[in-house]
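Model, not experiment: these values are computed from the prediction.
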Amino acid sequence: MSDLLRNACTFLFVPATQPERLHKALASQADMVIADWEDAVAPADKAQAREALVAAVQTLSAAQRARLLVRINAPGTAWFDGDVQALARLVAQGMAGAVVPKSESPAQLAVIAEQAGAACALVALVETVVGIDALDALARAPQVQRLAFGHLDFQVDAGMQCDADEAELLPIRMALVMASRRAGMGQPVDGVTVETKDAARMEGDARRALRMGFGGKLCIHPAQVPLANGVFAPSAAEVAHAQAVVQAIETAQGGVCVVGGKMVDAPVLQLAQRTLRRHAWAQQRT
């Protein structure tokens, strides 16, 4: 698994039919950019979207291609086979891989992995009740590196009407976190915030995701990227505390000790080490 995709916190969508926006997205601080062949593209424009992305990738550096994913159309749609064929061409040129919407079957993901090649990383976007039932199998499917939650489509599929705080979805979100941990993969990626001009809502959604054990968030507007990055990067106080914990454990030669009036043992050390890894990742981005 590539460290880039495993550690990525922000995933910015851009329509594949607008290659000029692709370059702007890659110039942002988004860890990964997702060129969209699915929801952002009208049925009549699907073929054009494929060719536009193939052409645009030719203008990108190797480093930019490594940050690029494409959301293909879902298995079972009229565009799926053509998308996978084009995906294989793009991966052969250094693109990271694909986001697979409506992921429900590990067999479907295995077909994509086989046809697109061993270098193709997959993000399984879970958006249905059937997908939630198959979470453990999806997380262990070939070349799947992250799970992501399509909470808007899930609400429709499940017949739900959530309040603004989406408390009704807490068990579903936790299921993605647990399945990712059982599979030993990177933390899952939470869904989009549709209020593109509401910074407080975006930050609140990102903080809920962080508290629950998600490792990143899907973004639909460039302005959302620094907000999410800021949430997933630990604060200066968190970093200082983590450094103090690590130092105290080293001084105690691995034994139990006290930092700031609180006992420090192995779980606290692991949390501190995770905080420092998050900090190191955020520093790479700046």
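When atom types are taken as modelled, the side chain of Thr10 and the backbone of Asp31 share a donor-acceptor pair closer than 3.5 angstrom. When atom types are taken as modelled, the side chain of Arg67 and the backbone of Ala30 share a donor-acceptor pair closer than 3.5 angstrom. In this structure, Arg201 contributes its side chain and Ala164 its backbone to a donor-acceptor pair below 3.5 Å. Between the side chain of Arg207 and the backbone N or O of Phe232 there is no donor-acceptor pair closer than 3.5 Å.
Applying the under-4.5 Å side-chain rule to Ile, Leu, Val, Met, Phe, Trp and Tyr, the cluster around Val156 consists of that residue alone.
Rounding to the nearest 0.5 Å places CG of Leu90 at 4.5 Å from CE of Met95. Residue Gln155 holds its CD atom at 12.0 Å from CD of Glu127, rounded to the nearest 0.5 Å. Interatomic distance, Gln64 CD to Thr59 OG1, rounded to the nearest 0.5 Å: 7.5 Å. Within the model, atoms CZ of Arg140 and CG of Leu135 stand 11.0 Å from one another, a figure rounded to the nearest 0.5 Å. Of the inter-residue distances, the one linking Leu60 atom CG with Arg65 atom CZ reads 6.0 Å to the nearest 0.5 angstrom. Distance CG/Leu12 to CE/Met32: 11.5 Å, rounded to 0.5 Å.
In the hydrophobic cluster analysis, where Ile, Leu, Val, Met, Phe, Trp and Tyr join through side-chain heavy atoms closer than 4.5 angstrom, Val84 is grouped together with Trp37. Tracing side-chain contacts under 4.5 Å through hydrophobic residues (I, L, V, M, F, W, Y), one reaches Val33 starting from Leu87; they form part of the same cluster. Transitive grouping of hydrophobic side chains (ILVMFWY, heavy atoms separated by less than 4.5 Å) brings Met160 and Ile172 into a common cluster. Hydrophobic clustering (side-chain heavy atoms under 4.5 Å, transitive across Ile, Leu, Val, Met, Phe, Trp, Tyr) keeps Val225 apart from Val14. Hydrophobic clustering, with ILVMFWY side chains joined whenever heavy atoms are under 4.5 angstrom apart, groups Val189 together with Leu4.
Pro101 has its side chain within reach of Arg71: a pair of non-hydrogen atoms, C-beta onward, lies under 4.5 Å apart. Side-chain atoms of Phe11 and Leu5, non-hydrogen and from C-beta on, do get closer than 4.5 Å to each other. The side-chain heavy atoms of Val70 and Ile34, taken from C-beta on, include no pair separated by under 4.5 Å. Counting only heavy atoms from C-beta outward, the side chains of Val192 and Asp205 never approach each other to under 4.5 Å. The closest side-chain heavy-atom distance from His221 to Phe13 is not below 4.5 Å. Looking only at side-chain heavy atoms (C-beta outward), Ile132 and Val129 stay at 4.5 Å or farther from each other. Between Cys120 and Gln143, some side-chain heavy-atom pair lies under the 4.5 Å cut-off. Under the 4.5 Å side-chain criterion, counting only non-hydrogen atoms from C-beta, Ser180 is not in contact with Val177.
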Next item on the list: Please lay out, stage by stage, how Leu109 and Leu138 fare under the test side chain to side chain contact (heavy atoms under 4.5 Å, CB included).
Entry: CA-CA 8 Å; Leu109 295 173; Leu138 296 176; 3.7 Å; yes
Next item on the list: Go through Arg6 and Gln145 one step at a time and tell me if the side chain to side chain contact (heavy atoms under 4.5 Å, CB included) criterion holds.
Entry: CA-CA 7 Å; Arg6 183 184 181 95; Gln145 298 195 5; 5.7 Å; no
Next item on the list: Step by step, work out the side chain to side chain contact (heavy atoms under 4.5 Å, CB included) result for Asp198 and Met202.
Entry: CA-CA 6 Å; Asp198 189 339; Met202 179 65 186; over 6 Å; no
Next item on the list: Any chance you could lay out the side chain to side chain contact (heavy atoms under 4.5 Å, CB included) test for Leu22 and Leu68, step after step, and finish with the verdict?
Entry: CA-CA 9 Å; Leu22 179 63; Leu68 183 61; 3.7 Å; yes
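Checking Thr128 against Glu104 by side-chain atom types alone, a donor-acceptor pair falls below 3.5 Å. Using a 3.5 Å distance cut-off with no hydrogens or angles, the side chains of Gln115 and Gln85 do not pair a donor with an acceptor.
Around the CD atom of Gln161, the shell of radius 6.0 Å holds no more than 12 heavy atoms that belong to other residues, nucleotides or ligands. The neighbour count for Gln253 CD, taken as heavy atoms of other residues, nucleotides or ligands under 6.0 Å away, does not exceed 12. No more than 12 heavy atoms of other residues, nucleotides or ligands sit less than 6.0 Å from atom CD of Glu114. The local environment of CZ in Arg274 is sparse, with at most 12 non-hydrogen atoms from other residues, nucleotides or ligands closer than 6.0 Å.
Between Asn73 and the options Arg50, Glu38, Lys102, a side chain to side chain contact (heavy atoms under 4.5 Å, CB included) holds for only Glu38.
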Which pairs of donor and acceptor atoms, one on a side chain in residues 237-246, lie under 3.5 Å apart (sequence neighbours left out)?
{"residue": "Glu238", "atom": "OE1", "partner": "Ser235", "partner atom": "N", "Å": "2.7"}
{"residue": "Glu238", "atom": "OE1", "partner": "Ser235", "partner atom": "OG", "Å": "3.4"}

Mind listing the side-chain donor-acceptor pairs of residues 209-218 below 3.5 Å, one per line with the distance, residues two or more places apart or on another chain?
{"residue": "Lys217", "atom": "NZ", "partner": "Gly191", "partner atom": "O", "Å": "2.5"}
{"residue": "Lys217", "atom": "NZ", "partner": "Thr193", "partner atom": "OG1", "Å": "2.9"}

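The two atoms that bring Ala248 and Val259 nearest to each other are CB-CG2, 3.5 Å, heavy atoms only. The shortest non-hydrogen separation linking Ala179 to Leu147 is CB-CD1, 4.2 Å. Across Arg146 and Pro188, no two heavy atoms sit closer than the pair NH2-O, 4.1 Å. Of all the heavy atoms in Cys9 and Asn229, the pair that sits closest is CB-OD1, 4.4 Å.
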